[in-house]
A.B. asks: 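Take this structure, written in structure tokens, and hold onto it; I'll ask about it next.
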Amino acid sequence: MMLKINSQQITIALWLLTIMLGIGAYAGYANHHRLAEVQSANQDLRSELKHVQGKINQASPLAANYNIASREAGVTQNLNNAFTTLYGGLHSQADVNRNRSKLERILGKKLVKTALPEINGMVADNNQGEAAQKQFVIQENNGVHVGFMSPMSRYETNILVTVTYKLKGNVNQVKVYRLAYDLDKQQVKDFEVLK
């Protein structure tokens, strides 16, 4: 027995096949289009990641073009000079006035403002009812030691500074600072007096 297929059934079958192929093609196109969007977003993300990684590497103290030893040597020299002046090089108000801008540039205004009254402007009453006068009580600086902690980035590290000095009357003193230091700008960002 033979199936009888008329032309109308063939037409309907061909239309159904065409519709199904059209749906499949559209779905394939939509998936291909979505795939292209995802690939493009992925490429953009990779490009941004490379850019950020480059900035991180550039900011690292381990970057090839960043000479941390040279920076630390310069910082050590500046801090030695400033703390030697601050703890032993100021014997009069004229000395303070002459050195203030250098000290503030290296150590920051906040540290200088905190340290000056404490170490070189102690107020002493002369027990005669007259106005108290400032006395510059530090006789000499015995030494400054600068120690670097591991740098967190090329812009920030912690530094410990130990200063030994002698007060008038041969009394030895020690002062220890922890400095939050910007290696790139070579300036104290913040400080803490540890002793």
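This chain uses plain numbering: 1 for the first residue, then up along the sequence.
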A.B. asks: For Lys102, enumerate each residue passing the salt bridge (Lys or Arg N to Asp or Glu O under 4.0 Å) test, keeping only those at least two apart in sequence or located in another chain.
C.D. replies: none

A.B. asks: Could you list the residues that satisfy side chain to side chain donor-acceptor pair (under 3.5 Å) with Asn99, not counting sequence neighbours?
C.D. replies: none

A.B. asks: Any chance you could measure Ile12, atom CD1, to Leu16, atom CG, to the nearest 0.5 Å?
C.D. replies: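 The CD1 atom of Ile12 sits 7.5 Å away from the CG atom of Leu16.
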
A.B. asks: Rounded to the nearest 0.5 Å, what separation is found between the CG atom of Leu107 and the CG atom of Leu79?
C.D. replies: 6.5 Å

A.B. asks: How long is the straight-line distance from CD of Gln187 back to CD1 of Ile106, given to the nearest 0.5 Å?
C.D. replies: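 It comes to 11.5 Å.
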
A.B. asks: Using the test side-chain contact (heavy atoms from CB on, under 4.5 Å), find all partners of Asn141 that sit at least two apart in sequence or belong to another chain.
C.D. replies: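 So Asn141 forms a side-chain contact (heavy atoms from CB on, under 4.5 Å) with Thr84, Tyr87, Val144, Val163.
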
A.B. asks: Apply ring pair (Phe, Tyr, Trp, His ring centres under 6.0 Å) to Phe83 and list each qualifying residue two or more places apart in sequence or on a separate chain.
C.D. replies: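 Counting only residues at least two positions away or on another chain, Phe83 forms a ring pair (Phe, Tyr, Trp, His ring centres under 6.0 Å) with Tyr177.
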
A.B. asks: Please test Phe191 against Val161 for side-chain contact (heavy atoms from CB on, under 4.5 Å), starting from the C-alpha separation and ending with a verdict.
C.D. replies: CA-CA 10 Å; Phe191 72 96; Val161 179; over 6 Å; no

A.B. asks: Which residue is it: Lys109, Lys110, Lys113? I am looking for the one with a side chain to side chain contact (heavy atoms under 4.5 Å, CB included) to Glu104.
C.D. replies: Lys109

A.B. asks: Which ILVMFWY residues can you reach from Leu160 by hopping between side chains whose heavy atoms are under 4.5 Å apart?
C.D. replies: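 Members alongside Leu160: Met149, Val174, Val176, Leu194.
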
A.B. asks: Just verifying a value: how many Å separate Lys175 NZ and Thr162 OG1, rounded to the nearest 0.5 Å?
C.D. replies: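 OG1 of Thr162 is found 12.0 Å from NZ of Lys175.
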
A.B. asks: Who passes salt bridge (Lys or Arg N to Asp or Glu O under 4.0 Å) against Lys189, sequence neighbours left out?
C.D. replies: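 Residues passing salt bridge (Lys or Arg N to Asp or Glu O under 4.0 Å) with Lys189: Glu156.
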
A.B. asks: According to the salt bridge (Lys or Arg N to Asp or Glu O under 4.0 Å) rule, which pairs have a member within residues 73-95, sequence neighbours left out?
C.D. replies: Asp95-Arg98

A.B. asks: Where is the tightest heavy-atom contact between Gln186 and Val75, given as atom of each residue plus distance?
C.D. replies: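 Closest approach of Gln186 to Val75, heavy atoms only: CD-CG2, 4.0 Å.
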
A.B. asks: Kindly write out the residues that satisfy salt bridge (Lys or Arg N to Asp or Glu O under 4.0 Å) with Lys166, not counting sequence neighbours, or none if the list is empty.
C.D. replies: Glu140

A.B. asks: Listed by chain and number, what are the side chain to side chain donor-acceptor pair (under 3.5 Å) partners of Arg178, not counting sequence neighbours?
C.D. replies: Asn158, Glu192

A.B. asks: Show the numbers, then the answer: is there a side-chain contact (heavy atoms from CB on, under 4.5 Å) between Asn142 and Tyr165?
C.D. replies: CA-CA 5 Å; Asn142 292 335; Tyr165 56 97; 5.5 Å; no

A.B. asks: Mind checking side chain to side chain donor-acceptor pair (under 3.5 Å) for Asn170 and listing every partner two or more places apart, or none if nothing turns up?
C.D. replies: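 Asn170 satisfies side chain to side chain donor-acceptor pair (under 3.5 Å) with no residue once adjacent residues are dropped.
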
A.B. asks: Evaluate the side-chain contact (heavy atoms from CB on, under 4.5 Å) criterion for residues Leu90 and Leu103: first the C-alpha distance (whole Å), next the side-chain angles of each, then the deciding distance (0.1 Å), finally the verdict.
C.D. replies: CA-CA 11 Å; Leu90 306 176; Leu103 293 172; 4.3 Å; yes

A.B. asks: Excluding sequence neighbours, so at least two apart, what forms side-chain contact (heavy atoms from CB on, under 4.5 Å) with Gln77?
C.D. replies: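 Partners of Gln77 under the side-chain contact (heavy atoms from CB on, under 4.5 Å) test: none.
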
